[in-house]
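Encoded as structure tokens, here's the structure I'll be asking about.
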Amino acid sequence: MNRVTAPRLCVIPGDGIGQEVIPAAVAVLTAVIPHLQIVTAEAGWGTFEKCGVSVPDETLAAIRDCGAGLFGAVSSPSRKVAGYRSAILTMRQELDLYANIRPVQNWPRVSPRPDVDMIIVRENTEGLYVGRERWEDEGETAVAERHITRRASRRIAQKALELMQRQGRGKLTIVHKANVLPLTDGLFRDTVQEVFNGARMSADRRGFLVEELLVDVAALKMVAAPETFDVIITTNLFGDILSDAAAHWGGGLGLAASLNWGDGVALAEPVHGSAPDIAGKGIANPIAAILSGALLARYVWGLEEVAGQVETAVTHTLAHESYPTFITTKAITQAILTNV
Ligand code: IPM
Ligand code: MN
């Protein structure tokens with residue numbers, strides 16, 4: 001982004017606790033980036049009930065126009081509702097947000113162990129998420145298609161490479177299931193390898209260590225030895241599952257941030273859902289949303305020092321001895337605002 005012009009942000013609170021945690025994140029972002037320009041848009045189940053679509057065209061246009069969005073959460077019905085498609089899946093697809101960046105790190109007092117520091121780079125547009133399911137065999141068989149393309153595998157690998165160069169990270173783990181799915185996951189693995197082999201031979205000759213793991217082995221390692229991971233690259237559903245497991249080491253979903261990232265447009269989003277059971281009570285943890293805002297600062301606006309400032313404020317807040325007793329959205333937000 002051009003550092004001279006003010007960064008612009010499209011804010012989409014969405015459903016449930018999204019309405020509570022997103023204003024908290026916006027308060028922190030505007031405190032650290034006073035010239036941040038904000039527009040608001042809507043998406044989610046509430047929007048669907050009102051307008052018949054979960055993501056209105058104006059919302060997509062506003063995110064594109066700003067180049068950055070911050071999304072809260074979406075409620076989804078567990079039954080199939082005609083015409084409804086999850087707002088977050090729609091935005092990922094329509095805006096071609098092909099990389100989902102999910103960092104997991106140690107936070108004081110809430111992380112179960114001190115030595116975890118990884119980034120999961122999840123392919124965000126294909127795999128089983130192409131949403132092609134159908135009935136066959138007169139309703140006796142349900143079929144889901146899993147698409148892997150060379151193009152999507154290449155661009156996610158390039159994103160991972162760029163991120164590793166930027167963040168000074170040296171080890172990549174490709175997670176796949178090519179022993180059972182040699183075509184689809186073989187294509188994914190080989191394409192990622194190709195991109196990194198090319199980088200190794202390029203002029204800057206960075207020393208990347210590239211290893212591969214079958215997803216079941218990766219799941220065991222995620223439980224038994226999470227500190228051994230640096231950057232993980234994987235397909236859509238494996239990344240979905242592994243990133244929730246990994247979030248445990250970062251202090252749980254209340255702290256898990258993510259960035260859906262495409263070319264020229266990105267949408268930050270806490271990994272947690274709309275939490276209808278606690279919505280409206282003022283007790284949702286805003287930290288995941290606040291840290292998602294920090295990811296925009298770091299990766300999209302190139303404001304590394306601002307991202308660090310927010311993360312340090314979160315660290316101080318969590319380290320404060322009163323943290324476990326003041327879990328209200330307002331109190332945590334206030335504490336972080338005091339610390340930035
Ligand atoms: C996530 C969520 C989404 C996903 C759901 C809400 C569709 O679990 O962002 O990880 O499966 O990608
Ligand atoms: Mn998920």
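As the structure lists them, so they are numbered: ligands from 1, and atoms in each ligand from 1. Computed over heavy atoms, backbone and side chain alike; hydrogens, waters and symmetry mates excluded.
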ask   = Measuring to the Mn ion (ligand 2), does Asp244 have an N/O/S atom at a distance below 2.8 Å?
value =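 It does not; every qualifying atom lies at 2.8 Å or beyond.
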
task = Classify the angle between the aromatic ring planes of Trp45 and Tyr84 as parallel (below 30°), tilted (30 to 60°) or perpendicular (above 60°).
result =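 Ring orientation of Trp45 relative to Tyr84: perpendicular.
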
message = Any donor-acceptor pair under 3.5 Å linking the side-chain atoms of Asn124 with those of Tyr129?
response = no

key: N/O separation below 3.5 Å, Asn100 to ligand 1   = no

note = When Thr315, Thr312, Thr317 are each screened for side chain to side chain donor-acceptor pair (under 3.5 Å) with Asn339, the one that passes is Thr317

query = So which heavy atom in the protein is nearest atom 2 (C) of ligand 1, and how far is it from that ligand atom?
reply =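 Checked against all protein heavy atoms, atom 2 (C) of ligand 1 sits closest to Asp240 OD1, 4.1 Å.
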
query = For the side chain of Arg109 and the backbone of Leu318, is there at least one donor-acceptor N/O pair under 3.5 Å apart?
reply = yes

Check: Asp65 side chain, Ala61 main-chain N or O, donor-acceptor pair, under 3.5 Å = no

task = Would you please say whether a donor-acceptor pair under 3.5 Å links the side chains of Glu123 and Thr235?
result =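 Absent: no donor and acceptor within the cut-off.
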
query = Counting from 1, what ligand 1 atoms have a heavy atom of Arg122 closer than 4.0 Å?
reply = 1 (C), 4 (C), 10 (O), 11 (O), 12 (O)

remark   = Within the 4.0 Å heavy-atom cut-off, what Arg102 brings close to ligand 1 is side chain

remark   = In Asp240, the N/O/S atom nearest the Mn ion (ligand 2) carries the name OD1

inquiry  = Students should be able to answer this: which protein heavy-atom is nearest to atom 6 (C) of ligand 1, and at what distance?
reply    =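 So the nearest neighbour among protein heavy atoms is Ile88 CG2, 4.2 Å.
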
task = Return yes when His272 approaches ligand 1 closer than 4.0 angstrom through a heavy atom, no otherwise.
result =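 Judged by the 4.0 Å heavy-atom criterion, His272 does not count as contacting ligand 1.
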
ask   = Hey, which atoms in ligand 1 end up nearer than 4.0 Å to a heavy atom of Tyr129?
value =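 So the atoms of ligand 1 that pass are 4 (C), 11 (O), 12 (O).
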
request  = Determine if the distance from atom 4 (C) of ligand 1 to the closest protein heavy atom is below 4.0 Å.
outcome  = yes

task = Could you pull out the closest heavy-atom pair between Gly170 and Asp230, with the gap in Å?
result =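 It is N-OD2, 3.2 Å.
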
